[in-house]
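One structure is given here, and the rest of the page talks about it.
Computed from a predicted model, the values in this text were never measured in an experiment. Below, chain A is the first sequence line, B the second, and so on; all start at residue 1.
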There are 2 protein chains.
Amino acid sequence: MNQALSRSNSAQGALFTDLDGVTAEILLNAASQRQFPAGATLFHQGDAPSQLFQVGTGLVRLTRVNPEGEQTTLRFMGPGDLVGCVAVFRQFPFPATATASKPTTVLSWGAAQILDLLRRYPTVSANALDTVGDRAREMVDRLAEMTDKSVEARVASVLLRLVSQVGRNGSTGLEIGKPVTRKDVSEMAGVSYFTVSRILGDWQRQGLVRLGRARIVALDPRRLAQVAT
Amino acid sequence: MNQALSRSNSAQGALFTDLDGVTAEILLNAASQRQFPAGATLFHQGDAPSQLFQVGTGLVRLTRVNPEGEQTTLRFMGPGDLVGCVAVFRQFPFPATATASKPTTVLSWGAAQILDLLRRYPTVSANALDTVGDRAREMVDRLAEMTDKSVEARVASVLLRLVSQVGRNGSTGLEIGKPVTRKDVSEMAGVSYFTVSRILGDWQRQGLVRLGRARIVALDPRRLAQVAT
DNA sequence: CGACTCGTTGAGACAACTCAATGGGTGTGG
DNA sequence: CCACACCCATTGAGTTGTCTCAACGAGTCG
């Protein structure tokens with residue numbers, strides 16, 4: 001029952017790019033398929049990185065606890081994304097906690113196993129480098145945004161990023177996968193909860209977005225991109 | 001002529017870690033040594049990544065132009081750091097501009113050349129992954145700081161990071177390599193110029209730092225770390 | 001000795017935050 | 001199936017920390 005899923009979904013992108021059939025097979029066989037119910041945690045911030053995950057279906061939220069003990073959302077990961085890749089490849093503690101935001105299936109590899117595969121198969125290793133590079137670049141972009149964009153522009157950027165990363169094409173617009181709250185958005189944009197609520201309210205009145213409980217639909221991505229400057 | 005320098009300085013860290021002598025030799029021979037006077041630019045934001053650089057001596061500043069055309073400092077790179085690694089390995093345009101802040105020597109490899117070396121030598125490739133992973137992690141940390149630390153704490157973090165990355169042990173404390181201005185600090189912390197000036201002024205009165213023109217000495221790193229929470 | 005860059009300080013404005021109260025959804029358990 | 005608890009969201013009012021703008025001071029370089 002899971003084969004179809006693995007083939008069609010997980011065995012794409014990330015580590016599997018450009019692999020010949022044999023190598024892809026080996027990589028896939030080395031992985032085990034796992035399920036997490038909504039709310040379950042894949043790993044905790046500070047844990048030794050013993051497992052690498054690739055999301056198959058569902059949604060994973062990466063959060064961080066700051067010194068004051070508050071949780072803040074760092075980003076979401078959807079189908080095809082490698083969760084924990086930086087920590088596993090580099091072998092330092094997970095810098096964030098990963099929890100399933102809805103029922104989620106993943107492929108997982110043991111750390112030793114995946115490091116061995118990296119050593120053995122240059123293409124896999126190249127894919128790992130690409131993936132980590134993409135992550136680094138995204139973080140640089142986000143960091144730059146934080147310093148030189150206005151609050152409103154940052155919120156728009158976060159929305160667009162969410163749509164492209166974990167969105168799907170709904171009936172009326174680009175819809176963000178279910179459980180994304182105002183609080184999540186506010187933490188990703190580095191803005192207070194209430195300010196996000198007000199901004200989104202304004203945008204709804206202007207027809208840019210449609211809002212629901214833990215749900216945001218981007219009705220007009222182009223104007224949002226303008227707001228994001 | 002350059003061997004002594006290359007050996008003692010550049011052929012450390014980054015790509016050279018754990019290399020056997022032969023491979024290190026190959027890597028070193030593939031590189032060419034170059035000099036940049038203060039103010040010269042190694043590459044521009046948006047350029048195709050044709051060269052990878054490793055700083056030998058000196059200091060490189062990475063800046064970004066935002067849509068409004070203002071330059072903002074992203075970070076500094078000192079001896080041993082790989083400049084442009086993410087872009088070169090991943091082959092997307094440089095996300096920032098690199099300029100020499102003081103006279104700087106670098107090792108440089110052509111993009112095609114370094115990609116070929118990566119393919120051929122797994123240890124080099126592993127080192128590349130480590131380096132990019134470190135970069136990604138630093139960016140995640142900085143991003144998290146931006147969202148959940150106070151302005152003062154962020155300035156302290158920036159100072160400590162500068163000290164650890166490009167600092168040296170001066171006579172009275174950890175000194176930041178010469179040409180780091182208040183403006184640089186403010187941009188890295190995501191704070192206005194004036195606010196940084198005021199905060200640093202306070203800290204000088206409290207004996208935490210000593211200030212000069214484009215110069216900051218951390219007299220009491222432990223208390224700074226407390227401020228950075 | 002100018003010209004330039006870098007830094008400091010003050011005063012005022014405003015955007016975003018904090019705090020508090022209210023209102024809808026959603027899901028669970030009796 | 002209703003009632004309750006809980007989570008998510010909205011809105012208002014008041015405060016404040018940071019930014020903006022302007023003027024001045026001081027170090028550095030040619």
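- For A214(B), taking side-chain heavy atoms from C-beta onward, the closest of the listed nucleotides dG7(C), dT18(D), dA16(C) is dG7(C).
- Put simply, CG on L211(B) is 11 Å from C1' on dT8(C), counting in whole angstrom units.
- Spacing between atom CD1 of I199(B) and atom C1' of dG7(C) amounts to 15 Å, rounded to whole angstrom units.
- Summarising the geometry, atom OG1 belonging to T147(B) is positioned 7.5 Å from atom CG belonging to N66(A); distances are rounded to the nearest 0.5 Å.
- Rounded to whole Å, the distance from NZ on K149(B) to P on dC17(C) is 19 Å.
- In this structure Q226(B) satisfies the side-chain contact (heavy atoms from CB on, under 4.5 Å) test together with R223(B), sequence neighbours excluded.
- Partners of R61(B) by side chain to side chain donor-acceptor pair (under 3.5 Å), not counting sequence neighbours, listed by chain and number: D184(B).
- Between the CE atom in M188(B) and the CG atom in L62(B) there is a gap of 10.5 Å [rounded to 0.5 Å].
- Computed from coordinates, the R154(B) CZ to dC19(D) C1' distance equals 13 Å when rounded to whole Å.
- For the pair T195(A) and dA16(C), the criterion of a side-chain N or O lying under 4.0 Å from OP1 or OP2 is not met.
- Atom-to-atom, CD1 of I216(B) to C1' of dT8(C) comes out at 14 Å; the value is rounded to the nearest Å.
- Less than 4.0 Å separates DNA chain C from at least one heavy atom of each of the following residues of residues 186-194 of chain A: V191(A), S192(A), F194(A).
- T181(B) has no side-chain polar atom (N or O) that falls below the 4.0 Å cut-off from OP1 or OP2 of dC6(C).
- The CG atom of D130(B) sits 12.5 Å away from the CZ atom of R135(B) when rounded to the nearest 0.5 Å.
- Side-chain atoms of R215(B) and base atoms of dG7(C) include no donor and acceptor less than 3.5 Å apart.
- The nucleotide whose nearest atom lies closest to any side-chain atom of S197(A) is, among dT18(D), dA9(D), dC19(D), dA9(D).
- Following rounding to the nearest Å, K102(A) (NZ) and dG27(C) (P) show an atom-to-atom distance of 14 Å.
- For R154(B), the side-chain contact (heavy atoms from CB on, under 4.5 Å) partners at least two apart in sequence or on another chain are M146(B), K149(B), V151(B), A189(B), V191(B).
- Side-chain N or O atoms of Q45(B) include one that pairs as donor or acceptor with a backbone N or O of V65(B) at under 3.5 Å.
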> Step by step, would you call V140(B) with R64(A) a side chain to side chain contact (heavy atoms under 4.5 Å, CB included)?
Replying inline: CA-CA 10 Å; V140(B) 170; R64(A) 227 173 196 257; 4.2 Å; yes

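- The residue among G212(A) and R198(A) whose nearest nucleotide of DNA chain D is located toward the 5' end is G212(A).
- Within residues 200-209 of chain B, no residue has a heavy atom under 4.0 Å from DNA chain D.
- In terms of modelled atom types and a separation under 3.5 Å, the side chain of Q35(A) and the main chain of T105(A) share no donor-acceptor contact.
- A heavy-atom distance below 4.5 Å is found between the side chains of V185(A) and L162(A).
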Could you list all N or O pairs between the protein and nucleotides 22-24 of chain C that sit under 3.5 Å apart?
residue : atom : partner : partner atom : Å
dG24(C) : N2   : R213(A) : NH1          : 3.1

>> The test is side chain to side chain contact (heavy atoms under 4.5 Å, CB included); show your working for L211(A) and I216(A) and say whether it passes.
In response: CA-CA 5 Å; L211(A) 302 175; I216(A) 305 171; 4.1 Å; yes

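- Two residues are said to be in side-chain contact when any heavy atoms from C-beta on lie closer than 4.5 Å; R75(B) and Q165(B) meet this criterion.
- Here dG7(C) is the nucleotide among dG7(C), dA9(D), dG10(C) with the atom lying nearest to any side-chain atom of R182(B).
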